[in-house]
Amino acid sequence: MTQLLDIRKPDCTLCKLHQSAQVVCQLGFGSKTPEVMVVSKMANGKEWQADLEQELSDMGLDLRTAYFTQAVKCRTFDQDPSNGDIKTCKSYLDEEIAALKPKFILALGNEALLATAGRSGITKYRGRIFNHPSGAEVIPTVSPSAVKRNPGQRPGYLADLRLFVNRVRGVANGIPKPNYTVIDTREKLDSLKRALSITSRMDFDVETAGGDYFNDTGVIVSLSATCVIKTKDGPKRYVFALPLHHPESPWRRRWKAVLQYLAPELSKIKDTTAHNGPYDAKWMIKYGCDIRLKFDTLLGLHLLNENIQKGLKPACQARLGVEPWGIDTKDLLTKPLDQILQYNVLDTWYMYHLREQVEQELRAQPRLWKVFKYVMMDGVNELVRSEMRGIWLDVERLKERTPIMEQKLKDIEEAIMIRAGLSDGLGTTFRPDLVEPELAVEDWPIQKILKTRGPVYAEPNFNASKFARWMLFEHLELPVLERGKDKANGDPGDPSMAEGVMLALKANHPVVPLMLERVEYQKTLSSFFHPYAELYDEDHRIHTNFKMAGTVTGRLSSGKNDEDKISAVRGKLRGVNLQQVPRSPFVRGVFGTPPGWSFVESDYSQIELRIVAFLSRDPTMLHLYKTGADIHLATAASVLGIPPSQVTKDDRKKAKAVNFGFVYGMGWRKFIQTAFEKYQSVFTEEEARAVRTAFFDQFSGLQPWHQRQRRLVNKYGRVQSPIGRIRHLPDIYSPDEGVRAEAERQAINSPVQSFGSDLAVMSMVQINRKFRKKGIEGHCIGLVHDAVNYEIRDDHLAKALPIIKDTMEDMSLIKKKFGVHVDIPILADLKVGRYWGDAREIEPEEVYNWAA
DNA sequence: TGAAGTCGCGCG
DNA sequence: AAAGCGCGCGACTTCA
């Protein structure tokens, strides 16, 4: 220990922390000749120390070989170390490491990550392996205190600990390295073709560079697969790596032809696996290989636990205990080919073993396995085709409507400036510094007075910016009703410009309603029209990226590809979110169908409330749905105390928000807030309580159902949808009551939302199958949670419309596949037209008697 | 300059 | 005692 005492400097003043420290420069404790060093942030509390030791020792770590220390050596509760402090203090940790020479370092939390691996971003780097200059191996994970606050992080945390312990113990990697064939000659290509013709299962992965699957700017760099081949001696595994477009590839000029040469065999393989399969499938389909995915390991992992990281590498490291592998996949074309192929092969090789494990776990839960097959895998294969087809954009309409919106925005901004006294309306914009002469130049609230970065703007910025806040709350002296979160330095937050606040200020100054109106124009342009103009392809179609593992409930998410979120490659089209296109016909109406085709939108009518009725068995709701009554109308009448005949459309709309809110656990406070923000209705506390009580009196089965869900989640830590999709809610074990209550509300909402979305996906699958079988030219364009959108050839509408409606409303398949008898009517409303936004509602009679 | 975090708002 | 749920993304700010 003498070395350690030499390191310690109790009078250290290198950073600010010594000022408030109870102990300056506190070193660690434990083995004097440690194999393992555990580094946390600071020596405070460490109330998790005992738990951590227990977990590590349960996993097989010998604690006698461990030494525990921290990245920041000062011990203080009053100051938070900055990254600079951590880097300063790192010299002590480095000396500690040099003196003790651990072989493995477990870094707990971002501060320890920074001090041991020199990078920041624990959520990104956790569970990866880094090399410390001392030669030690560093594995970072989240801090135990973060896990304690948020038990949802626990599974990932334990997986990281397990990886660490396995590395320390040198637990043999149970998976041998693969022997693989590089297909680099004509003979090998021919023998690959023969092998593929007798392949019964193929777990594959493509590496790509640049561009996208729906245009010709991208290339496939290589294709690799682990195949199962039928031989007379039984099934054998065969692993290949096929270089395609790469400077060192023999096929670099003929890569598309090579793929087409193999396409007939590749297309015939029924049992295929990929990780995030739609990505690989789309590239393969684009180049002629008609892949249908049988198993997607990412989707399987998601179904087993919707809360964990689903990347191939973290999953394989945690589940298979394999060593990390991987290369930087940026600029693949400049990397050595053999490296790429080896990486590509390991992806498929480990994926093969991952599937074995995931499939076994899914099959062990028969209902979950059915959800996997009938919702996830059936659904994803259809969605791949929808994404590739894209949605048709009326470019002419977009080009007409964009300038209209731009002019409106310009006009309203000018009106705001005039009303705020910042412009004379004749082209002279007064500079704020002239309006407020005492304002120092460096305080000019003009957007971005940029000294070092970007262009210098002189125009005011009406979004929630310094300028807008200055204009409203300083220049016009409007009252500050709410503020954002306090700043890091303790200053109060910025005045809120949220919609609710602005609505409350509406009468205070004429610029407020103008500002509110402006938001819509701004949003339309920046989020919709402008991106659309960049995104359509040569067929005037826009592509989205649906994720089947994008939500915890099983809903799809829609948006751009993950790669594009980091940086959109030049000349590359990005995806667009098709689930948040504004409902106004002015915006939605830019999407439609090319001549000769019709846009058909079919919505489930009030699907979630019907499922609530089904699950809660509330007698009133069941009665209302069985007799075909309108539940929103009924609530409005009951809440307002008037007969249903006197309920206006607007009343009904308000009731909708009430229904959903109360059904999912909204309290009276939130009710007052929503009622005001959405509909400007003012309720007193007593009125709000009364409305809530009246609601639960009317639907007397709801609160008992809430109680059942609460009991379930408290007992099992998870809830299930009617067909067996599971939502894990580990937060129910949180010591924080608010966090627990949130988990209880989620336990109420999840089975409902989940079942609704699974119904929509299964309907889409069935509709597509029926269309194919009957030769109907109709293609699904996308799903919007409880609605399916189709593009259907005009002369096929008469046959197609009844299929859509009947399939969506028919619950017998649910009975047949899952044994669940949905005993309430499920209805679908259809709209038909040339455009999405302009589509006309179709009465049921017309669905069955379509006359063009 | 880039990443991360927050707010606000589009949809269901 | 009280507590709607589920997303993606643009714009802005802050941090390093």
Side-chain angles (χ1 to χ4, degrees), chain A residues 82-84 86-87 110 114 119-124 306 447-448 452-454 461-469 482 484-485 487-489 493-494 496-502 519-520 522-528 530-531 544-545 547 550-560 562 564-567 574-584 587-588 603-604 606-608 612 656-671 673-674 677 692 706 727 737-754 756-757 760 783-787:
Chain A
S82 70
N83 284 8
I86 292 162
K87 280 179 189 157
N110 199 44
L114 186 64
R119 42 193 100 201
S120 182
I122 188 64
T123 49
K124 183 174 172 190
E306 72 285 2
Q447 177 198 32
K448 295 181 187 172
T452 54
R453 179 174 173 172
N461 177 351
F462 295 93
N463 297 323
S465 63
K466 282 182 180 162
F467 173 83
R469 290 197 171 89
E482 263 182 57
K485 276 182 44 179
K487 308 269 179 173
N489 61 12
D494 293 328
S496 168
M497 288 178 62
E499 194 187 13
V501 173
M502 298 293 279
V519 170
E520 187 196 327
Q522 158 71 24
K523 176 94 181 167
T524 301
L525 287 168
S526 70
S527 292
F528 306 108
H530 287 158
T544 187
N545 179 38
K547 283 190 201 163
T551 77
V552 287
T553 57
R555 274 189 174 181
L556 310 183
S557 74
S558 158
K560 32 186 162 195
D562 286 343
D564 300 341
K565 285 176 194 161
I566 302 158
S567 65
R574 297 170 300 154
V576 61
N577 185 331
L578 284 184
Q579 292 180 333
Q580 58 179 47
V581 182
R583 306 179 71 185
S584 90
V587 185
R588 229 169 234 209
D603 282 58
Y604 270 123
Q606 303 177 34
I607 189 69
E608 288 200 9
V612 166
K656 211 168 159 180
V658 173
N659 279 335
F660 282 115
F662 286 154
V663 161
Y664 294 135
M666 180 172 65
W668 59 266
R669 283 171 196 280
K670 180 68 187 265
F671 169 73
Q673 198 191 330
T674 348
E677 282 177 9
R692 192 170 187 273
H706 285 185
R727 171 87 186 267
E737 201 150 344
V739 174
R740 282 206 307 273
E742 192 178 355
E744 290 183 346
R745 293 194 299 277
Q746 289 162 335
I748 292 166
N749 170 273
S750 263
V752 179
Q753 194 182 108
S754 168
S757 117
L783 262 67
V784 188
H785 306 308
D786 63 353

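Below, chains carry the letters A, B, ... as their sequence lines are ordered, and counting in each starts from 1. What you see is a predicted model; the values in this text were computed from it and never measured.
What separates CD of Glu608(A) from C1' of dG12(B) is a distance of 7 Å, to the nearest Å. For the pair Ile748(A) CD1 and dA2(C) P, the computed distance is 16 Å after rounding to whole Å. Rounded to a whole Å, the CD atom of Glu737(A) is 10 Å from the C1' atom of dA3(C). The separation between Arg692(A) atom CZ and dA3(C) atom P is 8 Å, rounded to whole Å. If you take CG of Asn545(A) and C1' of dC7(C), they are 14 Å apart, rounded to a whole angstrom. The distance from atom CZ of Phe660(A) to atom P of dA3(C) is 20 Å, rounded to the nearest whole Å. Summarising the geometry, the separation between CG on Asp603(A) and P on dC11(B) is reported as 14 Å, rounded to the nearest angstrom. Between Gln673(A) atom CD and dA3(C) atom P the separation is 10 Å, expressed in whole Å.
Judged purely by atom type and a 3.5 angstrom limit, Arg588(A) uses its side chain to pair as donor or acceptor with the backbone of Val581(A). Checked by atom type and distance alone, the side chain of Glu306(A) never pairs as donor or acceptor with a backbone atom of Thr551(A) at under 3.5 Å.
At the phosphate of dA3(C), neither OP1 nor OP2 sits under 4.0 Å from any side-chain N or O atom of Lys670(A). The side chain of Gln746(A) contributes an N or O atom lying less than 4.0 Å from OP1 or OP2 of dG6(C). Between Arg669(A) and dA3(C) there is a side-chain polar atom (N or O) within less than 4.0 angstrom of OP1 or OP2. For dG8(C), one of the phosphate oxygens OP1 or OP2 lies less than 4.0 angstrom from a side-chain nitrogen or oxygen of Ser557(A). Contact between the side-chain N/O atoms of Lys560(A) and the OP1/OP2 oxygens of dG10(C) is found at a separation under 4.0 Å. Of the side-chain N and O atoms in Arg727(A), none sit less than 4.0 angstrom from OP1 or OP2 of dC5(C).
Contact annotation for Ser558(A): backbone-only contact, meaning every heavy-atom pair under 4.0 Å involves sugar-phosphate atoms and none involves a base. Among the protein residues, Val581(A) comes within range of the sugar-phosphate backbone only, with heavy atoms under 4.0 Å from sugar or phosphate atoms but none that close to a base. No contact: Gly738(A) has no heavy atom under 4.0 Å from any strand. Residue Val552(A) is classed as a sugar-phosphate contact, given heavy-atom separations below 4.0 Å to backbone atoms only.
Remark: Glu520(A) CD is loosely packed, at most 12 non-hydrogen atoms of other residues, nucleotides or ligands lying under 6.0 Å away.
Side-chain polar atoms of Glu608(A) and Tyr664(A) form a donor-acceptor pair below 3.5 angstrom.
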Inset, instruction - Both distances under 3.5 Å, Watson-Crick or G-U wobble: on that basis, could you give the dot-bracket string for DNA chain C, with [ ] for crossing pairs and | for other-strand partners? - result: ....||||||||||||

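Contact of Gln753(A) with dC5(C) (side chain to base): a donor-acceptor pair of N or O atoms is detected under 3.5 Å. No N or O donor and acceptor, one from the side chain of Arg583(A) and one from the base of dG10(B), sit under 3.5 Å apart. Side-chain atoms of Arg745(A) and base atoms of dG4(C) include no donor and acceptor less than 3.5 Å apart. Contact of Glu744(A) with dA3(C) (side chain to base): no donor-acceptor pair of N or O atoms is detected under 3.5 Å.
The two residues Gly756(A) and Ile607(A) make their nearest non-hydrogen contact at CA-CG1, 4.3 Å. The two atoms that bring Trp668(A) and Arg692(A) nearest to each other are N-CD, 3.8 Å, heavy atoms only. Lys523(A) approaches Phe528(A) most closely through the heavy-atom pair O-CD1, 3.6 Å.
Checking dG12(B), dC9(B), dC7(C) against the side-chain heavy atoms of Val519(A) singles out dC9(B) as nearest. For Thr551(A), the side-chain atoms get nearest to dC7(C) when compared with the rest of dG10(B), dC7(C), dG4(C). For Gln580(A), counting side-chain heavy atoms from C-beta on, the closest listed nucleotide (dG6(C), dG10(C), dC9(C)) is dC9(C).
Comparing Ser526(A) and Lys523(A) along DNA chain C, the residue whose closest nucleotide (by nearest heavy atom) sits nearer the 5' end is Lys523(A).
Partners of Asp603(A) under the side chain to side chain donor-acceptor pair (under 3.5 Å) rule, at least two apart in sequence or in another chain, do not exist in this structure.
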Could you pull out all donor-acceptor pairs under 3.5 Å where a side-chain atom in residues 740-747 of chain A meets a protein atom, sequence neighbours excluded?
from      : atom 1 : to        : atom 2 : distance (Å)
Arg740(A) : NH1    : Ser734(A) : O      : 2.9
Glu744(A) : OE1    : Arg710(A) : NE     : 3.3
Glu744(A) : OE2    : Asn714(A) : ND2    : 3.0

